[in-house]
**Q** 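My structure is below; once you've seen it, I'll send some questions.
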Amino acid sequence: MSVLVVVECDGGEVKKSSLEVASYGSQVAQMLGATATAVAVGEATEANLAQLGEQGITKVLYDAEPRLKDFVNGAYTKLIAAAAQKEDSKIIVLANSNIGASVGSRLSVRLQASLATNVVELPKTDGGNFVVKRGAFSGKAFADVKLEGERKIIAVKKNSIEALHEAGKTAQVESFSAQLTDADFADAPKQVVMQDQAGGILLPEADKVVSGGRGMKGPENWSLIEDLAKAIGAATACSKPVSDVDWRPHHEHVGQTGITVSPNLYIACGISGAIQHLAGVNSSKVIVVINKDPEAPFFKAADYGIVGDVFDVLPKLTQAVKELG
Amino acid sequence: MKFLVCISNVPDTTTKIAFTPDNKEFNKAGVQFVINPWDEYALTRAIELKEAQGGGTVTVLNVGEADTEPNIRKALAIGADDAIRVNAHPKDAFFVAQQIASVAKEGAYDVILMGKESIDYNGFQVHGMVGELLGIPTVAPAMKLDMSGNTATLEREIEGGKEIVEVNTPFVASCQQPMCEPRIPNMRGIMTARTKPLKVVEPTGDAPRTAVFEYALPPKKQGVKLIPAENAGELIKLLRNEAKVI
């Protein structure tokens with residue numbers, strides 16, 4: 001029996017969220033006295049996969065079929081199911097990403113496994129139960145969920161588990177073929193279009209986020225947000241009204257019906273803090289609010305706040321970061 | 001073309017979340033329920049595609065008890081042709097997926113649409129389970145959906161970009177913005193919705209595979225530490241030395 005970890009790779013690199021997932025999986029394996037094996041999807045290099053030993057992975061299965069470079073639901077599902085069969089894995093851990101959720105839900109039916117997504121903590125296994133804590137009500141609550149049955153799939157929310165780094169440990173990389181056929185690639189993408197991200201940091205993966213609302217007054221002022229984001233190594237984001245009027249693209253919209261983020265630091269600039277926006281950000285570890293209205297509801301959810309004009313405050317913050325060196 | 005749109009009945013987006021004293025259930029007292037906002041994208045896009053094709057049907061499906069019927073009627077008022085309610089408390093994603101797959105098989109629907117996830121349980125699971133139960137492709141989450149004959153072209157969101165995917169019917173897609181501008185019912189729609197068919201069927205399938213043990217609210221914040229605007233730079237020092245996040 002092993003715990004199987006699904007590792008997503010992009011451009012040869014293992015995604016940060018997958019390092020967290022690998023750490024989660026190896027800790028679960030330790031709890032159960034099992035080993036943690038990984039199956040890699042996407043474009044990977046053997047050297048980067050071997051480094052997963054630092055997260056406690058002993059072996060990585062990798063199918064170098066070139067069509068697996070981009071996400072294909074049918075093929076990924078078959079590949080991971082085959083790896084789970086080979087390794088006799090009763091527990092499969094993946095990221096709560098668009099890939100993880102798409103594949104995890106199909107796998108749960110194929111392998112007759114119970115599934116929990118949006119999981120934020122290691123499982124509790126007292127009294128023969130297997131219980132995981134997951135975010136619910138758009139971040140406004142948590143649910144402890146009991147997973148039934150012999151096989152279980154867990155999708156781990158980004159930034160909720162600290163990645164392990166045991167320097168020098170390496171995993172054995174083994175080539176693996178799931179005997180994929182053309183039919184498994186029926187839903188292969190015709191085209192993949194990547195968007196420009198400010199500073200090259202993807203919002204869903206970011207551990208710091210600088211976000212702007214209607215208080216920014218117009219898209220032409222976004223350089224203030226981008227300057228601070230660049231200085232601290234953060235991704236940029238926005239509130240729903242901002243993406244609704246096309247000041248910023250949809251993929252930057254955080255909130256109840258946008259992207260849910262849980263970075264270590266969320267800086268909200270000129271956002272009043274409607275309950276729907278809070279739902280998408282309130283699991284951030286530290287929240288900073290900058291707003292000229294002292295009555296803005298967001299201050300109630302904030303750890304640090306500045307009552308002031310964003311046009312005056314933001315350049316000062318960027319300057320202060322530069323002075324830190 | 002036959003569209004099946006799955007809608008879920010969720011607490012209004014402004015609801016303050018509270019639970020029953022044993023923390024086992026959401027406390028519904030005084031809460032207004034709405035169509036899950038993500039599902040509104042699925043519903044409106046299905047209606048738009050049906051209109052563009054000049055024919056076909058849009059059927060709304062909800063797994064829920066009788067108290068969800070006002071929102072099913074609302075979906076009919078927005079423009080769906082008929083509705084099916086599976087008379088059951090939606091226990092978990094797998095249970096709901098089985099009901100949808102059973103209705104979809106029976107009705108031989110070409111396109112099955114739903115929202116990306118529900119804003120209450122946030123599972124993001126049902127689309128894939130339905131696709132796998134029916135043995136058809138799933139595209140999730142989809143930001144754009146166009147149809148040409150039996151072929152659909154979708155834009156699927158990936159972290160940092162999008163994929164353009166082509167699939168043939170039947171298929172399942174879960175929807176999110178900016179797919180369309182969700183419609184609101186007009187007076188004529190509200191009047192005609194009253195007479196549109198709403199069929200109630202009993203649930204089928206196996207037992208749920210998950211159960212909620214307990215709900216909890218996040219710990220309360222300590223309170224905000226305010227920094228004077230003229231000393232804004234001080235904030236950066238606090239974020240580095242005190243909060244240790246920079």
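Chain naming here is simple, since letters A, B, ... match the order of the sequence lines and numbering starts at 1 in each. As the structure is a computational prediction, the values presented were derived from the model and not from experiment.
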**Q** Are there over 12 heavy-atom neighbours, none belonging to B/K221, within less than 6.0 Å of that residue's NZ?
**A** yes
**Q** Chain A heavy atoms under 4.5 Å from B/T15: which part of the residue, side chain, backbone, both or neither?
**A** backbone
**Q** Looking at every heavy atom in both A/A320 and B/G233, which two are closest together, and how far apart are they?
**A** CB-CA, 3.6 Å
**Q** Please find the pair of heavy atoms, one from B/P218 and one from A/A141, that lie closest to each other, and give the distance.
**A** CD-CA, 4.0 Å
**Q** Measure the OG-CG distance between A/S138 and B/D120 for me, rounded to the nearest 0.5 Å.
**A** 8.0 Å
**Q** Select one option (side chain, backbone, both, neither) describing which atoms of A/V103 are under 4.5 Å from chain B's heavy atoms.
**A** neither
**Q** Which region of B/K220, side chain (C-beta onward) or backbone (N, CA, C, O), has a non-hydrogen atom less than 4.5 Å from a non-hydrogen atom of chain A, or is it both or neither?
**A** neither
**Q** Just how far is it from atom OH of B/Y215 to atom CG of A/D144, taken to the nearest 0.5 Å?
**A** 10.5 Å
**Q** Would you say A/R106's side chain and B/M129's backbone share a donor-acceptor pair under 3.5 angstrom?
**A** no
**Q** Is the backbone of B/N122 close enough, under 3.5 Å, to the side chain of A/R134 for a donor and an acceptor to pair up by distance?
**A** yes
**Q** Any side-chain heavy atom of A/K300 within less than 4.5 Å of one from B/V224?
**A** no
**Q** Which bit of B/L239 is near chain A, if near means a heavy-atom gap under 4.5 Å: side chain, backbone, both or neither?
**A** side chain
**Q** With a 4.5 angstrom heavy-atom cut-off, is it the side chain or the backbone of A/N264 that approaches chain B, or both, or neither?
**A** both
**Q** What part of A/K285 lies closer than 4.5 angstrom to a heavy atom of chain B: side chain, backbone, both or neither?
**A** backbone
**Q** Would a 4.5 Å heavy-atom cut-off, applied to side chains only, mark A/F142 and B/E214 as touching?
**A** no
**Q** Give, as side chain, backbone, both or neither, the part of A/K322 having an atom under 4.5 angstrom from any heavy atom of chain B.
**A** neither
**Q** Where do A/T117 and B/G123 come nearest, in terms of heavy atoms and distance?
**A** OG1-O, 2.7 Å
**Q** For A/K69, does the NZ atom sit with more than 12 other heavy atoms under 6.0 Å from it, leaving out its own atoms?
**A** no
**Q** Look at A/A301, A/G305, A/G308, A/A116 and state which one has the largest set of heavy-atom pairs under 4.5 Å with chain B.
**A** A/G305
**Q** Among A/K316, A/H250, A/K190, A/E148, which residue has the highest count of heavy-atom pairs closer than 4.5 Å to chain B?
**A** A/H250
**Q** Of the backbone (N, CA, C, O) and the side chain (C-beta and beyond), which part of B/I17 lies under 4.5 Å from a heavy atom of chain A, both, or neither?
**A** side chain
**Q** Counting C-beta onward and ignoring hydrogens, is there a side-chain heavy-atom pair between A/I306 and B/L235 closer than 4.5 Å?
**A** yes
**Q** Calculate, to the nearest 0.5 Å, the distance between atoms CZ and OG belonging to B/F124 and A/S102 respectively.
**A** 5.0 Å
**Q** If you round to the nearest 0.5 Å, how far is CD1 of B/I236 from CG of A/L324?
**A** 7.0 Å
**Q** Which heavy atom of B/T13 sits nearest to which heavy atom of A/K140, and what is that distance?
**A** O-NZ, 3.3 Å
**Q** Whether the side chain of B/T210 engages the backbone of A/L147 through a donor-acceptor N/O pair (distance < 3.5 Å, no angle test) should be reported.
**A** no
**Q** Any idea which heavy atoms bring A/L317 and B/A232 closest together, and the distance?
**A** CD2-O, 3.2 Å
**Q** Quick check for you: among A/T257, A/V286, A/I275, which has the greatest number of heavy-atom pairs under 4.5 Å with chain B?
**A** A/T257
**Q** Check whether B/R156 reaches the backbone of A/P189 with its side chain - one donor and one acceptor, N or O, closer than 3.5 Å.
**A** no
**Q** Is there a side-chain contact between B/R209 and A/Q112 in this structure, where contact means two heavy atoms from C-beta onward sitting under 4.5 Å apart?
**A** yes
**Q** Please report the closest heavy-atom contact between B/E159 and A/S97, naming both atoms and the distance.
**A** OE2-CB, 3.2 Å
**Q** At a 4.5 Å cut-off on heavy atoms, which part of B/V245 comes close to chain A: side chain, backbone, both, or neither?
**A** both
**Q** Scan residues 295-325 of chain A for pairs that pass ring-ring contact (aromatic ring centres under 6.0 Å, His included), counting only residues two or more places apart or in two chains.
**A** A/H277-A/F298
**Q** Output yes when a side-chain donor or acceptor of A/N98 lies under 3.5 Å from a complementary backbone atom of B/E157, and no otherwise.
**A** yes
**Q** What residue pairs, at least two apart or across chains, pass salt bridge (Lys or Arg N to Asp or Glu O under 4.0 Å) with a residue in residues 225-238 of chain B?
**A** B/K225-B/E242
**Q** So which residue, A/V131, A/D70, A/L115, ends up with the most heavy-atom pairs under 4.5 Å with chain B?
**A** A/L115
**Q** Taking the side chain as C-beta and beyond, is there a heavy-atom pair between A/S108 and B/Q125 under 4.5 Å?
**A** no
**Q** Give, as side chain, backbone, both or neither, the part of B/E166 having an atom under 4.5 angstrom from any heavy atom of chain A.
**A** both
**Q** Return the orientation label for the B/F19 and A/F137 ring planes: parallel under 30°, perpendicular over 60°, tilted otherwise.
**A** perpendicular
**Q** Identify which part of A/E323 has an atom lying under 4.5 Å from any heavy atom of chain B, answering side chain, backbone, both or neither.
**A** neither
**Q** Need one label for B/I158: side chain, backbone, both or neither, based on atoms under 4.5 Å from any heavy atom in chain A.
**A** both
**Q** Apply side-chain contact (heavy atoms from CB on, under 4.5 Å) to residues A/L107 and B/E132 and explain how you reach the verdict.
**A** CA-CA 8 Å; A/L107 273 180; B/E132 186 72 18; over 6 Å; no
